[in-house]
Protein chains: 2
Amino acid sequence: MRRGIEFKKKARIIIVDDNYEHLSGIKELIEIESDFDVVATATSASVAISLIKKYRPEIVLMDINMPEKDGLTAIAEIEKLDLGVRIIALTGYDDPDLIFRAMKIGAKGYILKTMASAQLIYAIDEVAAGKIYLPATLSSRFFEYFQQSFKEETESADDEENLLNYLTQREEEVLDLLTQGITYKGVAQKLFISETTVKTHVNNIFQKLQVNDRTQAVLYALNNGFLNRRKVKIAI
Amino acid sequence: MRRGIEFKKKARIIIVDDNYEHLSGIKELIEIESDFDVVATATSASVAISLIKKYRPEIVLMDINMPEKDGLTAIAEIEKLDLGVRIIALTGYDDPDLIFRAMKIGAKGYILKTMASAQLIYAIDEVAAGKIYLPATLSSRFFEYFQQSFKEETESADDEENLLNYLTQREEEVLDLLTQGITYKGVAQKLFISETTVKTHVNNIFQKLQVNDRTQAVLYALNNGFLNRRKVKIAI
DNA sequence: ACGGGTTTAGACCACCCGGTCTATAAACGG
DNA sequence: CCGTTTATAGACCGGGTGGTCTAAACCCGT
């Protein structure tokens with residue numbers, strides 16, 4: 001029941017941390033230094049989830065390093081509920097893989113326990129305002145990881161000995177149709193050539209890709225960036 | 001030939017912008033307000049690339065909105081050269097798609113032309129120091145886009161009517177082997193069952209997935225997150 | 001003009017694949 | 001305890017698939 005005019009509605013927060021000392025520390029900090037409303041706290045992910053269902057907070061502060069059900073799976077589950085809860089992840093160290101995974105599954109912020117309390121409040125402020133907040137140092141880490149993973153992807157796609165490069169243009173067309181699950185007859189009709197011609201092309205493709213059947217050819221094509229060629233050129 | 005002690009080696013910069021007014025503006029700004037060394041400027045991407053090959057700068061400021069060869073493809077080409085050049089992208093507006101694509105292909109920073117000159121210098125400083133720099137407002141935009149794209153991906157993977165859910169465990173095993181390009185005979189050997197049993201399973205799979213042949217079944221499996229099921233659970 | 005690569009195409013054959021029908025044993029759920 | 005689901009498997013058959021050989025027409029570069 002919302003009533004009256006709200007200049008700055010007190011966002012409700014739930015804090016989750018298996019370390020009770022730290023949990024109450026953050027709770028006090030928030031209650032004193034900000035005007036957010038800590039409606040509940042939990043020391044385990046499963047308890048947290050039921051509390052979230054009950055209280056429907058705007059913000060959840062979630063420690064990632066917890067025994068049993070870890071914070072990441074907890075975040076994934078909460079996001080799946082689709083309650084509009086905005087989650088801020090919390091850990092002791094700036095592991096880029098952790099940051100990447102947390103942001104990937106939908107965390108709206110990520111801060112380190114070692115950071116100044118003012119930064120925590122600021123992060124909550126930003127996230128409560130609908131933004132996504134990552135401190136500069138962490139976003140730098142994130143992007144390194146992000147770019148690295150894409151670099152590996154494109155390297156494996158066009159790099160070194162990609163047997164797809166040996167295919168002629170016509171063979172690529174045929175392979176393209178094969179990757180759509182079309183039969184020889186269908187390919188022949190689409191390309192306005194005879195079925196035996198298709199077979200010749202396909203056999204050449206098999207030899208060039210060093211595979212034995214159409215399925216393996218399709219898999220090779222898909223795993224080695226056959227579709228990417230166009231994407232890279234058109235869409236980047 | 002590096003010699004002696006360097007407190008702060010003057011990073012060499014090349015600026016690329018099709019608008020000459022703006023180009024010289026930035027050039028002057030950098031020369032006056034910082035101690036970086038603008039070794040060259042270009043008003044087109046193709047010229048820029050030859051200049052980069054020649055001067056091997058540490059930093060490139062690249063305008064994204066250019067006629068002919070646009071900035072994004074230029075960045076992709078420069079990154080492909082693998083010269084260790086660190087590129088900062090530059091545009092007038094904060095289009096999240098542009099930001100995402102620029103960062104994806106390897107830009108080390110992204111700033112708006114409307115931003116204060118101090119921020120430009122700061123960005124160059126950070127990038128020159130090996131970090132990746134995105135202003136808070138842009139990184140917020142980036143993450144919204146990033147999370148959205150992942151959300152769609154997982155939705156399409158496990159969402160609604162995924163015919164893969166109707167498969168029995170045994171059928172999944174068989175399909176899994178099919179997605180590796182193995183023949184009936186091979187599957188029969190791997191699962192220690194007769195070849196005709198495999199055929200029975202496969203036929204059931206075809207009917208459940210509403211496809212006609214193994215290739216289409218494999219494609220359906222791949223496009224509907226067959227591999228993801230495990231990934232989501234194990235790796236998040 | 002000649003040789004090489006590409007695209008086209010035919011013939012023949014073995015066999016894998018996909019469709020259908022039938023059937024048994026185990027497991028599971030009501 | 002009985003019906004359903006699942007896993008197993010045999011038989012049969014037709015057509016699609018893959019292997020091999022041959023060859024003509026074409027473009028391209030030297």
Side-chain angles (χ1 to χ4, degrees), chain A residues 158 160-226 229-230 233, chain B residues 158 161-224 226 229-230 233:
Chain A
D158 61 24
E160 43 151 348
E161 275 302 295
N162 191 332
L163 298 177
L164 290 172
N165 293 138
Y166 299 142
L167 297 183
T168 69
Q169 195 182 332
R170 198 58 163 173
E171 286 162 356
E172 282 192 8
E173 290 180 60
V174 174
L175 181 53
D176 182 34
L177 294 173
L178 288 191
T179 60
Q180 295 170 38
I182 304 179
T183 65
Y184 287 171
K185 203 171 286 181
V187 175
Q189 282 172 12
K190 290 225 172 198
L191 297 183
F192 303 107
I193 55 180
S194 106
E195 200 178 330
T196 56
T197 304
V198 177
K199 287 175 55 179
T200 311
H201 287 313
V202 171
N203 270 297
N204 291 332
I205 292 172
F206 289 166
Q207 285 182 359
K208 289 185 179 176
L209 301 188
Q210 295 167 24
V211 297
N212 304 313
D213 54 56
R214 65 193 299 117
T215 310
Q216 287 176 18
V218 168
L219 289 172
Y220 186 95
L222 264 38
N223 289 327
N224 292 84
F226 187 65
R229 318 185 160 261
R230 270 157 295 173
K233 288 196 177 124
Chain B
D158 60 25
E161 276 302 295
N162 192 331
L163 298 176
L164 290 172
N165 294 136
Y166 298 141
L167 297 184
T168 68
Q169 196 182 331
R170 198 57 162 174
E171 285 162 356
E172 281 192 9
E173 290 180 60
V174 173
L175 181 54
D176 182 34
L177 294 174
L178 288 191
T179 60
Q180 295 170 38
I182 304 179
T183 65
Y184 287 171
K185 203 172 284 180
V187 174
Q189 283 171 12
K190 290 224 171 199
L191 297 183
F192 303 108
I193 54 180
S194 106
E195 199 178 331
T196 58
T197 305
V198 177
K199 286 175 57 178
T200 310
H201 286 312
V202 171
N203 270 297
N204 291 333
I205 292 172
F206 289 166
Q207 285 183 359
K208 289 185 180 177
L209 300 188
Q210 295 166 25
V211 297
N212 305 310
D213 55 57
R214 63 193 300 118
T215 310
Q216 287 175 17
V218 168
L219 289 173
Y220 186 95
L222 263 38
N223 289 327
N224 292 85
F226 188 64
R229 325 191 150 251
R230 272 157 292 174
K233 291 201 173 117

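In this text the structure is predicted, and so the values were computed from the model without any measurement. In what follows, chains carry the letters A, B, and so on, assigned in the order in which the sequence lines appear, proteins first and then strands, with residues in each chain numbered from 1.
- Rounded to an integer number of Å, the gap from CG of N204(A) to C1' of dG19(D) is 12 Å.
- For NZ of K208(B), the number of neighbouring non-hydrogen atoms (other residues, nucleotides, ligands) closer than 6.0 Å is greater than 12.
- Of the two residues near DNA chain C, D213(B) and F192(A), the one whose nearest nucleotide lies more 5' is F192(A).
- Within 4.0 Å (heavy atoms only), T196(A) reaches at least one base atom of the nucleic acid.
- Heavy-atom distances to DNA chain D give each of N203(A) and S194(B) a nearest nucleotide, and the one nearer the 5′ end belongs to S194(B).
- Taken to the nearest 0.5 Å, the CG atom of D213(B) stands 8.0 Å off from the OG1 atom of T183(A).
- T183(A) comes within contact range of the sugar-phosphate backbone alone, with a heavy-atom separation under 4.0 Å but no base atom that close.
- Y184(B) places its OH atom 16 Å from the C1' atom of dT8(D), with the value rounded to the nearest Å.
- Nucleotide dT5(D) holds its C1' atom 14 Å from the CG atom of L167(B), rounded to whole Å.
- When the P atom of dG19(D) is taken as reference, atom NE2 of H201(A) falls 16 Å away, rounded to whole Å.
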Exercise. Could you please spell out the steps behind the side-chain contact (heavy atoms from CB on, under 4.5 Å) verdict for N224(A) and L209(A)?
Key: CA-CA 11 Å; N224(A) 292 84; L209(A) 301 188; over 6 Å; no
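- Which of dA7(D), dT8(C), dA9(D) sits closest to the side chain of T197(A) comes down to dT8(C).
- We find that CD of E172(B) is positioned 12 Å from P of dT6(D), with the value rounded to whole Å.
- With hydrogens and angles left out, the side chain of K185(A) and the base of dG16(D) share no donor-acceptor pair within 3.5 Å.
- Among the heavy atoms of the strands lying under 4.0 Å from T168(B) are primed sugar atoms or P, OP1, OP2 only; no base atom is included.
- Put simply, NZ on K199(A) is 11 Å from P on dA11(C), counting in whole angstrom units.
- Proximity of Y184(A) to R214(A): side-chain heavy atoms (C-beta onward) are separated by under 4.5 Å at one or more points.
- Look at CG on N212(A): it is 13 Å from C1' on dC16(C), rounded to the nearest Å.
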